[in-house]
Amino acid sequence: MKILVLVKEVPDTYGDRVLDPETGLADRGASERVLDEIGERAIEAAVVLKEADPDAEVVLLSMGPESAQTGLRKGLAMGADRAVHVLDDELRGADLTLTAQTLAAAIRAEGVDLVIAGGLSTDGVGGVIPAMVAEHLGVAHLTALGSIERDGGTIAGLRGTDRGTARVSAALPAVVSISEGMPEARFPNFKGIMAAKKKPLETRTLADLGVTASLDTPRSILVSVATKPPRTAGTIIVDEGDAGEQLAAFLLANKLV
Amino acid sequence: MSSIPADAVLILAESADGALAPSAAGLIAAAAGIGTPVAVVVAQPGEGAALAAAAGALGAAHVLVAETAAVGTTLTAPLTDALAAAVALVRPAAILVPNSVEGRDAAARLAARIGAALAVDAVGIARDDEGVVSRHSVYGGAYDVVAAATFGAPVITVRQGAIDARAAAVEPVVETLEVEASTTPAATIESFEPAVAATDRPDLRGAKRVVSGGRGLGSAEQFVLVEQFADALGAAVGASRAAVDAGYIPQAHQVGQTGVSVSPQLYVALGISGAIQHRAGMQTAKTIVAINTDPEAPIFQIADFGVVGDVFAVVPQAIAAIEAKKSGS
């Protein structure tokens with residue numbers, strides 16, 4: 001069984017995140033770049049499946065600039081076996097369509113049984129890549145899973161939606177995306193970090209994958225980017241026994257009650 | 001088909017148990033703002049007519065109904081197949097889909113299948129000289145971004161609760177949508193457990209007022225203070241990640257980067273320090289009120305009205321004052 005995990009480098013949500021006002025693209029220098037937390041949980045899920053099936057191989061796949069390799073090394077230290085990094089200048093500012101095409105091509109080249117991805121990234125929060133990739137691969141998707149069980153050639157889990165929780169299943173190969181209901185990622189230990197340095201991390205270009213960033217396909221583009229003026233503090237009072245009444249007066253005066 | 005309007009904008013009207021999802025009203029209104037709304041309803045056999053009438057009441061001029069028992073047993077594929085059939089029939093200017101767990105999967109499949117541009121989590125839809133554009137609130141509301149397709153009709157997922165507009169009711173033209181099921185494998189829905197019955201409090205998404213509690217509430221029992229204040233204000237109940245992680249309240253109430261993004265008229269933060277990840281989910285609120293014992297809490301930097309004090313003293317007093325005003329007027 002070959003499990004592939006989609007991971008992504010994102011600007012750290014613990015700091016300010018900046019868009020370049022000219023290009024509308026993420027200003028990579030402005031904030032620290034980290035492996036997206038939900039992607040780390042996806043790696044954790046894959047490593048747990050591998051622990052139950054020692055013959056399984058876990059391959060990480062990421063698309064992004066040079067710096068993405070830091071996150072891939074961390075994932076290798078957590079227990080993944082190999083990593084593939086799609087690195088190509090043509091992918092700068094790639095929209096969802098090109099991203100899904102590229103990831104699907106890289107997955108096809110690997111030939112995998114199961115793809116695991118985070119459900120929603122913290123930067124784009126689109127949540128669409130897993131199902132797009134599944135469509136390109138012609139396989140089933142099981143998204144927003146809060147638990148994953150594998151039984152031979154079947155993958156199943158609990159899928160949380162606004163309305164409730166469904167138990168869903170599909171025959172492999174399939175694409176799974178996970179929610180925050182899945183366990184947090186383990187911390188890589190010293191042994192894992194040392195081992196990760198020797199694990200293969202290969203780079204692929206769009207040409208390697210046979211993907212062209214063609215203008216013949218409709219793309220989503222940014223038309224404009226504007227910064228919202230930052231909020232400023234208003235009235236701050238210290239409670240001297242009547243703050244509740246003052247708060248009620250504020251809400252009533254502003255017709256918020 | 002001649003009856004299909006030339007300026008059609010397709011929307012996916014999600015439904016469950018014979019009722020339209022709350023997202024339908026905003027989507028239909030957004031479509032009405034740029035063309036003629038054509039709603040796609042995918043439902044259990046026998047449910048279509050009532051759902052079509054409901055979509056008409058929300059302003060859908062035209063409703064395409066696909067009835068299939070597969071909606072209860074097959075994940076996403078019935079929605080994708082119906083949308084693909086509707087796009088071929090209608091040739092819309094845009095396809096609007098709710099950014100729900102179900103909706104975004106259908107949008108993703110559709111965009112990949114028909115080769116359409118895809119824009120996600122829009123908070124507004126408009127038209128410019130060159131076609132349909134979508135407005136997005138990015139990085140927790142720090143940026144306003146406008147996106148468009150290079151050509152062709154875009155598929156756009158729309159943030160739930162983001163569209164306040166409502167369209168006038170119409171008598172819809174209803175027709176049956178012929179759908180060819182795709183051969184792509186799909187996951188099976190084995191069973192479904194509905195979420196615990198909702199209270200009569202407003203839904204967090206799209207609520208006009210939200211009262212959220214954080215770690216400062218101290219315990220699940222004491223979190224009831226948040227609910228009491230919410231009820232006094234007719235508000236939805238939210239929470240910080242810290243309160244959810246501490247087990248005070250289920251994750252569905254989490255506001256922030258990894259929870260629900262809200263943009264209400266009033267946001268009240270009780271015992272929430274205001275970590276950047278929480279602010280990312282609420283800082284576009286029109287008015288922000290915060291109560292916290294720590295004068296250095298970052299939430300005060302963005303609060304319109306802040307109280308440095310104990311929520312257990314301030315909130316009951318505020319509730320009493322509001323109740324007194326209500327009963328007196």
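All values reported here derive from a predicted model rather than from experimental measurement. Just so it is clear, the values below take in all heavy atoms, side chains as well, and ignore hydrogens, waters and symmetry mates. Proteins come first, then strands; the chains are lettered A, B, ... in the order of their sequence lines, and each starts at number 1.
Only the side chain of B/V138 comes within contact range of chain A, judged by heavy atoms closer than 4.5 Å. Neither the backbone nor the side chain of A/D36 comes within contact range of chain B, judged by heavy atoms closer than 4.5 Å. If you measure heavy-atom distances from B/E130 to chain A, you find no contacts under 4.5 Å at all. In this structure, chain A has a heavy atom under 4.5 Å from the side chain of B/R241, while its backbone stays farther away. Contact of A/N254 with chain B is not made at all, since no heavy-atom distance falls under 4.5 Å. Of the two parts of B/T284, the backbone and the side chain both hold a non-hydrogen atom closer than 4.5 Å to a non-hydrogen atom of chain A. For A/A100, no part lies near chain B; criterion is any non-hydrogen pair under 4.5 Å. B/S137 touches chain A through its side chain: at least one heavy atom from C-beta onward sits under 4.5 Å away, while N, CA, C and O do not. Contacts of A/D123 with chain B are made by both backbone and side-chain atoms, with heavy-atom separations under 4.5 Å. For A/L256, the parts sitting under 4.5 Å from any heavy atom of chain B are the backbone and the side chain alike. Neither the backbone nor the side chain of A/L137 comes within contact range of chain B; no heavy atoms are under 4.5 Å apart. Both the backbone and the side chain of A/V257 come within contact range of chain B, each with at least one heavy atom under 4.5 Å from a heavy atom of that chain.
With hydrogens and angles ignored, the 3.5 Å screen pairs no side-chain donor or acceptor of A/R167 with any backbone N or O of B/I189.
Under the 4.5 Å side-chain criterion, counting only non-hydrogen atoms from C-beta, A/L247 is in contact with B/I291. Contact of the B/D17 side chain with the A/R163 side chain is registered, since non-hydrogen atoms from C-beta on lie closer than 4.5 Å.
Using a 3.5 Å distance cut-off with no hydrogens or angles, the side chains of A/S169 and B/E190 do pair a donor with an acceptor. B/Q277 and A/T13 share a donor-acceptor pair across their side chains, judged by distance under 3.5 Å alone. Inspection of the B/Q160 and A/D162 side chains reveals an N or O donor paired with an N or O acceptor under 3.5 Å.
Here A/D239 contributes atom CG and B/D310 contributes atom CG; the two are 8.0 Å apart, rounded to the nearest 0.5 Å. In this structure, B/F192 CZ and A/T161 OG1 are separated by 5.0 Å, a value rounded to the nearest 0.5 Å. With rounding to the nearest 0.5 Å, the separation of NE2 in A/H141 from OG1 in B/T184 is 11.0 Å. Going from atom CZ of B/F151 over to atom OG1 of A/T217 covers 6.5 Å, rounded to the nearest 0.5 Å.
By number of non-hydrogen pairs under 4.5 angstrom with chain A, the leading residue of B/H136, B/R205, B/K286, B/R113 is B/R113. Contact count against chain B (heavy-atom pairs under 4.5 Å) is highest for A/L96 among A/I155, A/L96, A/I38. When the candidates A/V238, A/V125, A/I221 are compared by the number of heavy-atom contacts under 4.5 Å with chain B, A/I221 comes out ahead. Listed options A/A248, A/A249, A/A170 were ranked by heavy-atom pairs under 4.5 angstrom with chain B; first place goes to A/A248. Chain A forms more heavy-atom pairs under 4.5 Å with one residue of B/A318, B/A148, B/A142 than with any other, namely B/A148.
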B/T258 and A/E37: CA distance, side-chain angles, deciding distance, side chain to side chain contact (heavy atoms under 4.5 Å, CB included) verdict: CA-CA 10 Å; B/T258 53; A/E37 187 196 315; 5.6 Å; no
Verdict with reasoning, A/R159 to B/E193, per salt bridge (Lys or Arg N to Asp or Glu O under 4.0 Å): CA-CA 10 Å; A/R159 179 176 190 260; B/E193 189 75 38; over 6 Å; no
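Around the CD atom of B/E323, the shell of radius 6.0 Å holds more than 12 heavy atoms that belong to other residues, nucleotides or ligands. For A/F187, the CZ atom counts as loosely surrounded, since its 6.0 Å shell holds 12 or fewer non-hydrogen atoms of other residues, nucleotides or ligands. Counting heavy atoms of neighbouring residues, nucleotides and ligands inside a 6.0 Å radius, atom CG of A/D20 exceeds 12 of them.
A salt bridge between A/E245 and B/K325 is absent, with no side-chain N of the basic residue lying under 4.0 Å from a carboxylate O of the acidic one.
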